[in-house]
Colleague: 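Would you mind keeping the following structure in view while I ask a few things?
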Amino acid sequence: MPTITYIEHDGNTHTVDADNGDTVMSAAIKNMVPGIDADCGGGCSCGTCHVFVEPEWQPVVGGPGEFEEPMLDLNPERNDQSRLSCQIDVTDELDGLVVRLPEFQF
Amino acid sequence: MSTSTEKLQNKQPSSRSLVGRDPWTTPLREIDLAHPGIWQANEYLPFLARLRRDAPIHYCADSAVGPYWSITRFQDVMDIEKRTDLFSSEPTIGIVDPDPDYILPMFIAMDPPKHDVQRKTVQGVVAPANLKNLEPLIRQRVCKILDNLPSNEPFNWVEKVSRDLTTQMLATLFDFPFEERNKLTYWSDVATAIPGAGLVDSYEESQKILQECLMCFSKIWQERASKPPGDDLISMLAHGESTRNMPPLEFLGNLILLIVGGNDTTRNSITGSVLALHQNPAEHDKLRADPTLIPSMVSETIRWQTPLAYMRRTATQDVSIQGETIKKGDKILLWYASANQDESAIENADQYIIDRPNVRQHLSFGTGIHRCMGNRLAEMQLRVLWEEILPRFRAIEVVGEPERIYSSFVKGYHNLSVVAHPH
Ligand code: HEM
Ligand code: FES
């Protein structure tokens, strides 16, 4: 069971057990991690599941996909660590993944 | 957003109205959702259900505003909004094509990459970080309106609360001279008016009026540019790296879009919240017992109201969907009002449940790259309003039938007669 850690804007940390088949978004929602809205339910169409992937994890997680890029690009808080968490599938390779949450979803 | 559609259709004979007809036996080809009749009469829901069941990709060949497609299922709306390459937002998002000589550049009616560039330059002003700064002033103005309401006697909630509150919030957002705030609503109406339908007689006349709007805002712009940066929209635009040198027409287009976008929609959600809680007393009890449900109630109200019934797209090439062929240039209406009632996406969609699971997963704000830029602002206004209503009033009782707007685009109210009962 891969473990994922979410660090809220204020430093509050949540470590959860995720299942293969989850996304980084759905694992957060199931475990009541605050700070991810996911208004489109994982459809890559709202941008409210924005996270920052810790630099050491970026090579493993990879960059945004074809439909993700335009949604991310419209986010005022976007930086080069940004991903939409509904577009990151949980796999064994992601065991130990750390992502940071933005102050606001928009 | 009162639209051209609304005003144009006002002048059409209502021969094709579906009012009073049986939604389940009316021949499919006669179903014309864009006709405002069933919307004003509040009879639209079963017609939407009929299309979702029998013709989710539905062609109306003959209507007062020409032929168009209706998309009524949740997932289909989501899928279509994603394909901005096949389904364009140009030339407009209302059903009636604009006069090409008088198009104001607004990014709601642009495709990428132009859309993205323009939206990015202005969206910071309605992003949550900035809204936090505006909230105290908005709250103060909400309190003032509520404290001056008549108690224990009937009044029109739309006029006394919803309309003035939204106008005041716009004035707050722009830090616009407060006493002149009704100009904002006026310009919004002029920008969307079809000449000859009452408000203006010609496009030249609306041009002239909007020119005044531009002059007025240019003056405010100059004044703000010469002062240190503030939290209001004009100041942010005047000081922003990417907006400082915005050409005047683009500046005007963006201003009008913000005024129009945040006007009727928020007003009708505010009215809708009172009506929905009145019609669902058990939900009102839940809210009173647990005010932390306010944000969730706000989302459910916006789904329940669906202030804009649809947005239009235009096919950029022939596309086949579920056996139907949409031809290049065809108009496609994405019916949010129907998607929000789709049982396959939302359980018990016909009920108003303020603490429903996944309450934010509705389509009232659209979805994809055009997803409402003001969604956080709209939610904040409703949240602050109810945070101040609950401690003051035991109930806002609806005492008459709501008077609905004659439009299939803007879902809203002219009149909601209420009595406010203080604690
Ligand atoms: C409950 C209130 C509101 C509702 C239901 C609503 C609804 C919508 C919808 C459905 C769209 C999508 C347009 C499309 O896909 O073609 C939209 C876009 C937009 N809305 Fe709102 N809106 C609301 C409040 C506001 C407010 C308060 C503002 C003011 C800041 C605003 C500004 C905009 C803008 C600028 C766009 C264009 C976004 C783009 O094209 O990227 N809206 N709105
Ligand atoms: S949940 Fe909407 S984009 Fe990820």
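Chain letters run A, B, ... following the sequence lines, proteins first, then strands; residues in each count from 1.
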Colleague: Using non-hydrogen atoms only, which part of A:Phe67 is less than 4.5 Å away from chain B: side chain, backbone, both, or neither?
Modeller: side chain
Colleague: Could you tell me which of B:Ala127, B:Pro128, B:Pro112 has the largest number of non-hydrogen atom pairs under 4.5 Å with chain A?
Modeller: B:Pro128
Colleague: May I ask you to decide if A:Phe106's main-chain N or O and A:Thr48's side chain share a donor-acceptor pair within less than 3.5 Å?
Modeller: no
Colleague: How close do A:Met71 and B:Ile369 get, heavy atom to heavy atom, and via which atoms?
Modeller: SD-N, 3.7 Å
Colleague: Do other residues, nucleotides or ligands put more than 12 heavy atoms under 6.0 Å from the CD atom of B:Glu135?
Modeller: yes
Colleague: Against chain A, work out which of B:Gln123, B:Glu81, B:His362 has the most heavy-atom pairs shorter than 4.5 Å and name it.
Modeller: B:Gln123
Colleague: CZ of A:Arg100: more than 12 outside heavy atoms within 6.0 angstrom?
Modeller: no
Colleague: With chain A as the partner, which of B:Arg119, B:Lys82, B:Met373 has the greatest number of non-hydrogen pairs under 4.5 Å?
Modeller: B:Lys82
Colleague: Measure A:Gln105 against the heavy atoms of chain B and call it side chain, backbone, both or neither at under 4.5 Å.
Modeller: both
Colleague: More than 12 heavy atoms of other residues, nucleotides or ligands under 6.0 Å from CD of A:Glu56: is that the case?
Modeller: yes
Colleague: Can you tell which part of B:His370 gets under 4.5 Å to a heavy atom of chain A, answering side chain, backbone, both or neither?
Modeller: neither
Colleague: Does B:Lys114 NZ have over 12 foreign heavy atoms under 6.0 Å away?
Modeller: no
Colleague: Non-hydrogen atoms of chain A under 4.5 Å away: do they reach the side chain of B:Asp116, the backbone, both or neither?
Modeller: both
